[in-house]
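Reading through the structure tokens given below for one structure.
So you know, we letter chains A, B, ... as the sequences are listed, proteins then strands, and number each from 1. Since the structure is predicted, the reported quantities are computational estimates derived from the model, not experimental observations.
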Amino acid sequence: MAKQFRKKVLSREDDEDETAQNRREKERGVKRQPTSPREANDDDDGSESEQERLRDQREREQLDRNIRERDAAATRKLSEQKQAFTTRRSNIVGDVETLRKVSRQEYLKKREANKLKELGESIEDGEYLYKGVKLTEAEYNQLSYEKKIYELARNHEAATHHDHDQYYRIPEPYDDHEGGVNQEKRFSVALQRCWDDDLNGRDKKSNPFAEQKAWEDQQIGKATLKFGSKNKRRKCDEEYDFVFEDQIEFVKASVLLEGDQMIANGNVDVGKVQPSHQLDKLREERKTLPIYSFRERLLQDVEKNQVLIIVGETGSGKTTQIPQYLHEAGYTKGGKKIGCTQPRRIAAMSVAARVSQEMGVKLGHAVGYSIRFEDCTSEKTVLKYMTDGMLLREFLVEPDLASYSVVMVDEAHERTLSTDVLLGLLKDIARYRPDLKLIISSATLDAEKFSDFFDSAKILRIPGRRYPVDIHYMEAPQADYLDAAIVAALQVHVTQPPGDILVFLTGQEEIETAEEILKHRTRGLGTKISELIICPIYANLPTELQAKIFEPTPEGARKVVLATNIAETSLTIDGIKYVIDPGFSKMKSYNPRSGMESLQVTPISKASSMQRAGRAGRTGHGKCFRLYTSYNYDSDLDDTTVPEVQRTNLANVVLTLKSLGIHDLVNFEFMDPPPCEALLKALELLFALGALNKVGELTKVGRRMAEFPVDPMLSKMIVASDKYKCSDEVISIAAMLSTGSSIFYRPKDKQVHADTARLRFHSGNVGDHIALLKVYNAWKEANYSTQWCYENYIQVRSMKRARDIRDQLERLLERVEIKLSSSNDLEAIKKAVTSGFFPHCARLQKNGSYRTIKHPHTAHIHPSSGIMALEHHVLPRCVLYHELVLTTKEYMRQVTEIKPEWLVEIAPHYYQLNGVVEEDYSTSKKMPRGKGRTSTSKQIPSLVDYSICV
DNA sequence: GAGCACTGC
């Protein structure tokens, strides 16, 4: 069954192309080659359609004109932005083109003006010192900037070797012997040497790097002045030879012996059985795993204890072996299963595949996996790998997990939302099921905490098979971590033996910037260094580009991977030997009071930095360069990341727990209880949605809502769609809203085209929700074509995900007895949406901003909204929004205009017209009591008239 | 007129 579904999905993709092909061939028979299926339909009619076509054409021409105008404006704006960017980043990148124009005189004048004749500076105790004089940070940065100009001039000169008279050069000896440093002279000497090489012919030029290096060696002694105290001289120049003038120094501090679980790499082969000789080989391999010698002890411990905490380091084989040992020891007798949860789908799939190979069975038979959209198990399955969210859903069907004899929660230290809820629930049911064995696997740091949570459960430590990682810290803190990361990467490239580099950055924008700078810098160095392949990786990167990081590095080259947090846990890249860790990541936080989510750059935790460092030691002895000091590490970083339960919206969790019959949420045993306020907020919302009654019990509506694996407001919307007879449309909207990633694709160089393409879905100013529906339907109309997505600047991946979710929602409709019904009435659809999202409404204020109605809070419509994209847009009086996000401002994302009357009609318990109005006015000076209440204002109620009663 | 860390059901 499960495999059939999988096959269906796959074959649908194949069909897609075939049908698109057919369609195109059919269309060729029509007199005019249409460019879209819609036009093809228009052509079939008679003269009436001809008129329509002319009108269409006129519209298109107008649109084209608009596009051209916008295009020109966008180009202007882009060049302005580029200019601004160049200026801002010039202290890192510099700009060779600009430099070309800087003559020596100008340069000296500038320098004179800045009174920076000599450059000899240092940082002591976080203060910038220049010959004992304290500098402000701005002054210090100016100093560095000057030096970088020199460096770039040098590189540029070295690369071009002509017209050098108009450039800066003084072929003089350098450095005063009194200890002062004459930077200017030093640079010029280097320049001169480059030229000499060139002028004296090939033989000398064959070794320009030696000269360069001699100069650099000279630099090293001085470079130590820059960071760190003046008195101390380090011996690092004996260890490395540096190429970069603004070079970073690290202190080797410790060796990491920390790790994570082994993930079997490679594709999952469904149903592939190994030939017997390979099976023997696999069996032999199993015996070489570190965990093998712990087999008997492990089985004894499981026998004696109900809960066992396993601390297993990288490569110990715990994920693949423990369930097999338990199976061999007979825990699967009597039709009982062994379940093993993973935080990620990929892990569940690949581990299951590996284990099925080891056991020599078909995947999906004795060994299977279960993830959303794909249930690869059968009645015969005894070892079941699954995502933790999946086990949570199984609780809904089987609250005591009667069919399981053992549950293993793997990677529990990651503390995902599902893991935390699961741990609470497992602890709860373990009391009633003494025969149920629990195994929790965790990292070293949290083992004690897990043990405490499970009433001092026994801890079993299993050594891993991992390589040591040297950890290097910075001497002094860095002002700009991005700059530091780039310098460090280049430094590693030049000074360290072969091995790929992994740099952790916070987001897409930062990665793109870093990529640009790195390319620029390596170009400046030309052939002096070996090739550096730059590979960006982040979740939103198209899949075909993501594959690039897994390509083996060619001989003589080095790969530098610029990654977000995705490389911390989710994917493993072979060949990484060096990790550069600036110590930051983006983290989501949630403010229960305002219901606002925000994504902010925050320092990582110690556990996280260990995890990052561990990425260097997967294939051999590695090195990790931390761009912060060891003092920072010890005193500034938290031990562990704040678990997700404490920084997220809990509405869904509360609904799940309530439907499991857990009423006393405050006393539910979370390992780290979430803030009370967040729980109350979630309860309040569920009550408002009608999922809970006044005493906090689950209602019939709530039970139906809990069936849908989406946020409660979305599930309410789906349940309500039954009443408005538009469930077909509403599940499409719900699926589109819950894809998580953005639907519209907006590449930097084609923003205008992308915007106009998007605008087409907003025709009629229908609002973002309906626009999403239009996108989905248009895609469906185009036979789910990938080509169509490219043409319309739509993300294929998001759409495919939306289709999967929609299919699942459609199947679930049947379960809660909602008929699939379609309606063309946009108002009905909007009303159904309002039924779920009435707590998310805002009204327009005089200054053009909005104020949310429930807890008054100022917000703005997000510029990506269709409402803002339309020309001469009029701000709607009252809007409904999908979510509130805090970025540069407080924004409402996915906005649709609604009629205020609907609110009273749909949620009379939440908004009502009552006497509070009078009170409101009496306290406000704006409108005197009893006056200004015209009859019209009574006929068309304004939102001011609604008070909230919850 | 702004931005999208990462999972998961």
Measure from [atom1] on [X] to [atom2] on [N] and round the result to the nearest Å.
X	N	atom1	atom2	answer
Glu644(A)	dG8(B)	CD	C1'	8 Å
Ile346(A)	dT7(B)	CD1	C1'	11 Å
Asn565(A)	dA5(B)	CG	P	10 Å
Asn652(A)	dG8(B)	CG	P	16 Å
Arg393(A)	dC9(B)	CZ	C1'	6 Å
Glu411(A)	dT7(B)	CD	C1'	13 Å
Leu417(A)	dA5(B)	CG	P	21 Å
Met868(A)	dA2(B)	CE	C1'	10 Å

Check your understanding: Do Thr387(A) and Arg345(A) have side-chain atoms, one donor and one acceptor, less than 3.5 Å apart?
Key -> no

Practice item. Could you verify whether a donor N or O on one side chain and an acceptor N or O on the other, from Ser608(A) and Glu568(A), lie under 3.5 Å apart? Key: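 Looking only at side-chain atoms, Glu568(A) and Ser608(A) do form a donor-acceptor pair, the distance falling under 3.5 Å.
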
Any [X] side-chain nitrogen or oxygen under 4.0 Å from OP1 or OP2 of [N]:
X	N	answer
Arg893(A)	dC4(B)	yes
Tyr538(A)	dC4(B)	no
Arg345(A)	dC9(B)	yes
Thr656(A)	dC9(B)	no

Counting any heavy atom closer than 4.0 Å, what does [X] reach on the DNA or RNA strands: base, sugar-phosphate only, or nothing?
X	answer
Ser585(A)	nothing
Thr416(A)	nothing
Thr888(A)	sugar-phosphate

Review point. If you find the nucleotide of DNA chain B closest to Gly507(A) and the one closest to Ser738(A), which residue's nucleotide is nearer the 5' end?
Key: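 Per heavy-atom nearest nucleotide, the more 5' residue is Gly507(A).
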
Practice item. Find which nucleotide of DNA chain B each of Met390(A) and Ile537(A) is nearest to by heavy atoms, and output the residue with the more 5' nucleotide. Key: Ile537(A)

Report the nucleotide, chosen from [options], that has the shortest atom-to-atom distance to any side-chain atom of [X].
X	options	value
Thr564(A)	dA2(B), dC9(B), dC6(B)	dC6(B)
Gln508(A)	dC4(B), dC9(B), dC6(B)	dC4(B)
Lys586(A)	dA5(B), dT7(B), dA2(B)	dA5(B)
Thr387(A)	dC9(B), dG1(B), dA5(B)	dC9(B)
Ile566(A)	dT7(B), dC9(B), dG1(B)	dT7(B)
Lys588(A)	dA5(B), dT7(B), dG1(B)	dA5(B)

Point to revise | Pairs meeting criterion side-chain hydrogen bond (donor to acceptor under 3.5 Å, both in side chains) with involvement of residues 641-660 of chain A, two or more places apart | key: Ser605(A)-Thr641(A)

Check your understanding: Which pairs, with at least one residue in residues 415-425 of chain A and sequence neighbours excluded, count as a side-chain hydrogen bond (donor to acceptor under 3.5 Å, both in side chains)?
Key ->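 Non-adjacent pairs meeting side-chain hydrogen bond (donor to acceptor under 3.5 Å, both in side chains): Asp388(A)-Thr416(A), Asp388(A)-Thr419(A), Arg415(A)-Asp420(A), Arg415(A)-Asp672(A), Thr416(A)-Thr419(A).
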
**Study point:** Short N-O contact, Lys384(A) and Glu394(A), less than 4.0 angstrom
**Key:**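 The answer is yes: the pair qualifies as a salt bridge.
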
Review point. How many angstroms lie between atom CD1 of Ile733(A) and atom NE2 of His769(A), to the nearest 0.5 angstrom?
Key: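 It comes to 7.0 Å.
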
